[in-house]
A.B. asks: 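Quick one: this structure, given as structure tokens, is what I'll be asking you about.
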Amino acid sequence: MNRNPQKSVDQIRRPDPRDAARAYESGTVPIDCSGWPSPQQQPVYPALEGSIETDVVVIGAGLAGASVSLHLAELGVATVTLEAKQPATGASGRNAGHVQPYLDVLEPLQAWPDQGKRLLHALIENRNIVYDLCRKHGIQGDASPDGLLEAAFKPSAALEKKAATWRAYGYDVQGIDANAVRAMLGTERYRWGIHWKEGGRVNPYLFTNGMIAAAARLGARVHGDSPVLSCERDGQRWRVKTPQGTVTARRVVICTSNHAGNRFFPHLAQTQYPLVACGLATRPLPDALLKTLNPARVVFTQYPAGLYPLVIDGRNRLITATIPGPGKAGDAATYFKLLLRFLHRTFPQSRDFDLELESYWTGVTASSSHVYHQDYAKYYRVDDNVFALMNLGTWGNVMGPLLGQSLARALAAGRPEDCVLPLEAPRPVKSPGLFEFKVRRLMIPAARLLDTLGMA
Ligand SMILES: Cc1cc2nc3c(=O)[nH]c(=O)nc-3n(C[C@H](O)[C@H](O)[C@H](O)COP(=O)(O)OP(=O)(O)OC[C@H]3O[C@@H](n4cnc5c(N)ncnc54)[C@H](O)[C@@H]3O)c2cc1C
């Protein structure tokens, strides 16, 4: 309803298209643009008002902060969680929904004090953590452990080696031939693949909200619309201020991911390579197409260049994420066109159907390495009793819950160094723009070209 009938249509202020372009480019479009929020509303957590005291204050309620809060609350540690907006409105409500229960490369772990043994052990033991948490806490996260398939144009020694490594760790993963790929995926495009029987998909927005709701049920105090403005020492404790309130805490855990714009410990923002990515969800696929396109419902990526990793979710929508070109993050039409081209090429049966775009959004990943897939999460000692768990890169759906659990246990035991990640001092990365430049200007355009030519 127009509340001001005297105001002509021309006088009504329209959003400046440049603002929209900036929001897409910075991955801050409203969370309702994302394909993951469901029509059933999530709880809205009230802003912090007044002064409260606690043992641990967790800043940020994405996958990392939600898991730290949940596991601290489970262990009976007094916890307050402060989120600038509402839970899962950052990268965690905007990702591609893949639950990858393994690591792509292990070599960087050799440089860790324990050669990464504790992380590997924890991952192997907790590789189903997403599904376990959903079961344990009754989280309705559209989580489905249907497995993953990496499909390749020809057998790959690197993929075989990866499968053998993880099989030796007890994973159920097999190389499969063209016939098996065709039966699972419904395409003749690939000659070979590896099939991970564990892992699968999750709705990361609902899952993160579910962890936060479980934390609140277990006694954590959760406040939304409470951006932390400052974090200052107050004797042996820390005073954390939001616009309308203050939390005084013994310990602080920062889980703000892309820390840009924050005035407290601003140097954390220099520890990472940010990268914008866009997500697309189609309207539910027609039944006839669902019978032949990915009938096994595995999470599918193409090897080596996974330009359009595909998930079919519980509403039968196709969901993917890709990296937009420089300045093009808001261009939904272009990326939907490219997705359709890929689908038509890979699944020729899809040409007979009119697929429609339901949602288009962007988000930002924060990585600790400018080498793709070597972006291990970071755990920083920022100051006395101030820790940060961030830079989860593209592996947040498993790493957020897993590392949050490990950090919570370490803090509850009063031994922060016992977390499975090495405790490091925050260090600025070299050439912060390098990763984005390489990925958006060089790697992705080259991969798109090779894929179009059928040479990827
Ligand atoms: C398009 C896309 C696709 C992806 N695909 C996958 C995938 O398929 N599988 C996978 O495992 N990972 C994927 N990822 C990566 C994954 O989403 C991230 O690793 C993960 O969400 C990071 O979680 P987080 O909790 O560290 O950060 P976030 O979810 O960004 O949470 C940080 C929170 O901190 C809050 N915050 C910031 N500043 C303040 C402040 N001052 N006060 C209070 N709160 C503050 C923010 O509002 C935000 O809610 C993808 C990411 C993107 C963008």
Side-chain angles (χ1 to χ4, degrees), residues 14-15 17 20-21 23-25 27-41 88-89 91 93-98 141-144 146 149 151 184-187 189 200-206 276-302 306-325 327-363 444 447-448 451-452:
R14 292 173 198 286
Y24 277 106
E25 196 59 37
T28 55
V29 288
I31 192 64
D32 292 346
C33 295
S34 163
W36 295 115
S38 67
Q40 296 85 40
Q41 285 291 322
T89 44
R94 300 162 189 264
N95 77 37
H98 294 203
D142 189 24
S144 196
D146 293 329
L149 177 62
M184 291 179 73
L185 220 48
T187 171
R189 199 163 180 228
R201 68 169 158 85
V202 71
N203 177 324
Y205 175 84
L206 297 181
V276 71
C278 56
L280 300 96
T282 67
R283 291 194 192 285
L285 301 181
D287 288 346
L289 182 57
L290 283 165
K291 287 198 179 105
T292 63
L293 193 154
N294 190 358
R297 297 291 179 270
V298 280
V299 167
F300 154 57
T301 43
Q302 175 179 296
L307 278 175
Y308 305 98
L310 290 182
V311 160
I312 298 182
D313 79 342
R315 288 180 46 217
N316 291 329
R317 302 174 305 162
L318 260 186
I319 298 177
T320 192
T322 191
I323 309 293
K328 294 231 168 83
D331 192 353
T334 291
Y335 294 103
F336 187 48
K337 204 162 85 191
L338 286 171
L339 170 64
L340 284 181
R341 215 196 282 170
F342 173 78
L343 288 175
H344 292 166
R345 212 167 37 233
T346 309
F347 304 97
Q349 64 271 44
S350 64
R351 293 182 196 150
D352 298 336
F353 300 88
D354 275 336
L355 301 188
E356 290 178 64
L357 184 66
E358 185 180 274
S359 309
Y360 177 85
W361 66 95
T362 57
I444 295 293
R448 278 198 219 292
D451 185 57
T452 308

A.B. asks: What I'd like to find out is whether the side chain of F336 reaches to under 4.5 Å of the side chain of T282, using heavy atoms alone.
C.D. replies: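 They are in contact (side-chain heavy atoms under 4.5 Å apart), so the answer is yes.
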A.B. asks: If you round to the nearest 0.5 Å, how far is CG of D313 from CH2 of W36?
C.D. replies: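 So the gap between those two atoms works out to 5.5 Å.
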A.B. asks: Judged by atom type as modelled, is there a donor-acceptor pair below 3.5 Å linking the side chain of R201 to the main-chain atoms of D142?
C.D. replies: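 Pair found, side chain donor or acceptor close to backbone of D142.
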A.B. asks: State the CG-OG1 distance between L149 and T301, to the nearest 0.5 angstrom.
C.D. replies: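 Taking CG in L149 and OG1 in T301, the distance rounds to 7.5 Å.
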A.B. asks: Any chance the side chains of T346 and R189 put a donor and an acceptor closer than 3.5 Å?
C.D. replies: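 Yes, because at least one side-chain N or O of T346 sits under 3.5 Å from a partner of the opposite role on R189.
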A.B. asks: If we only count heavy atoms from C-beta on, is the V299 to I312 side-chain gap below 4.5 Å?
C.D. replies: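 No, their side chains stay 4.5 Å or more apart.
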A.B. asks: Within a reach of under 6.0 Å around CG of D352, are more than 12 heavy atoms found that belong to other residues, nucleotides or ligands?
C.D. replies: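 Yes, the 6.0 Å shell around CG holds more than 12 heavy atoms from other groups.
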A.B. asks: Which pair of heavy atoms, one from P324 and one from A277, lies closest together, and at what distance?
C.D. replies: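 Scanning both residues, the minimum pair turns out to be CD-CA, 3.9 Å.
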A.B. asks: Would you compute the distance between atom CZ of R351 and atom CZ of R345 and round it to the nearest 0.5 angstrom?
C.D. replies: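 If we round to the nearest 0.5 Å, R351:CZ and R345:CZ are 9.5 Å apart.
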A.B. asks: Do L355 and L343 make a side-chain contact, defined as non-hydrogen atoms from C-beta onward lying under 4.5 Å apart?
C.D. replies: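 With C-beta onward as the side chain, the pair touches.
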A.B. asks: For a quick test of reading the model, state the closest non-hydrogen atom pair linking P37 to S34 and the distance between them.
C.D. replies: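 P37 and S34 have their closest heavy atoms at CD-O, 3.3 Å.
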A.B. asks: Calculate, to the nearest 0.5 Å, the distance between atoms CG and CG belonging to N294 and L185 respectively.
C.D. replies: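 Interatomic distance, N294 CG to L185 CG, rounded to 0.5 Å: 5.0 Å.
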A.B. asks: State, with a plain yes or no, whether a side-chain heavy atom of C278 is found less than 4.5 Å away from one of Y360.
C.D. replies: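 Side chain of C278 against side chain of Y360, heavy atoms only: contact under 4.5 Å found.
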A.B. asks: Please walk me through it: do L338 and L307 pass side chain to side chain contact (heavy atoms under 4.5 Å, CB included)?
C.D. replies: CA-CA 10 Å; L338 286 171; L307 278 175; over 6 Å; no
A.B. asks: Rounded to the nearest 0.5 Å, what separates atom CZ in F347 from atom OG1 in T187?
C.D. replies: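 OG1 of T187 is found 5.5 Å from CZ of F347.
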A.B. asks: Assess the residue pair S38 and L206 against the criterion (side chain to side chain contact (heavy atoms under 4.5 Å, CB included)); give the C-alpha distance rounded to whole Å, side-chain angles, the decisive distance to 0.1 Å, and a yes or no.
C.D. replies: CA-CA 8 Å; S38 67; L206 297 181; 3.8 Å; yes
A.B. asks: What pair of heavy atoms forms the shortest contact from I323 to R448, and how long is it?
C.D. replies: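 In this case the closest contact between I323 and R448 is O-NH2, 2.8 Å.
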A.B. asks: With side chain to side chain contact (heavy atoms under 4.5 Å, CB included) as the test, would you mind laying out the steps for H98 and V311 before giving the verdict?
C.D. replies: CA-CA 7 Å; H98 294 203; V311 160; 3.4 Å; yes
A.B. asks: Verify whether the ring centers belonging to F300 and Y308 lie closer than 6.0 Å.
C.D. replies: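 For F300 and Y308, the ring centres are not under 6.0 Å apart.
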A.B. asks: State, yes or no, whether a side-chain contact exists between Y335 and K328 at a heavy-atom distance under 4.5 Å.
C.D. replies: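 The answer is yes; the side chains approach within 4.5 Å.
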A.B. asks: CG/L340 to OG/S350 distance, rounded to the nearest 0.5 angstrom?
C.D. replies: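 Result: 7.5 Å between the selected atoms.
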A.B. asks: Taking the side chain as every heavy atom from C-beta outward, state whether T362 and E25 have any atom pair closer than 4.5 Å.
C.D. replies: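 Contact flag for T362/E25 side chains = no.
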A.B. asks: Taking all non-hydrogen atoms of both residues into account, name the closest pair between S359 and C33 and its distance.
C.D. replies: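 Closest heavy-atom pair between S359 and C33: CB-O, 3.5 Å.
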A.B. asks: Indicate yes or no: at least one non-hydrogen side-chain atom of L310 is less than 4.5 angstrom from one of L339.
C.D. replies: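 Yes; the side chains approach each other to less than 4.5 Å.
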A.B. asks: Please check this pair: side chain of W361 against backbone of V29, looking for a donor-acceptor N/O pair closer than 3.5 Å.
C.D. replies: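 Looks like no, no N/O pair under 3.5 Å.
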A.B. asks: Could you check whether any side-chain heavy atom of R94 comes within less than 4.5 Å of a side-chain heavy atom of I31, counting everything from C-beta outward?
C.D. replies: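 Answer yes - side chains close enough.
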A.B. asks: Check T320 against P309 and note the closest heavy-atom contact, atom names and distance.
C.D. replies: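 Shortest heavy-atom contact: OG1-O, 2.7 Å.
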A.B. asks: Is it true that R317 and E356 have a side-chain N and a carboxylate O under 4.0 angstrom from each other?
C.D. replies: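 Here R317 does not pair with E356 in a salt bridge, since their nearest N and O are not under 4.0 Å apart.
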A.B. asks: Ignoring hydrogens and angles, tell me if any N or O in the side chain of D146 forms a donor-acceptor pair with the backbone of V298 under 3.5 Å.
C.D. replies: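 Not a single qualifying donor-acceptor pair exists.
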A.B. asks: Begin with the C-alpha distance, continue with both residues' side-chain angles, and end with the deciding distance and a verdict on side chain to side chain contact (heavy atoms under 4.5 Å, CB included) for R315 and E358.
C.D. replies: CA-CA 12 Å; R315 288 180 46 217; E358 185 180 274; 3.1 Å; yes
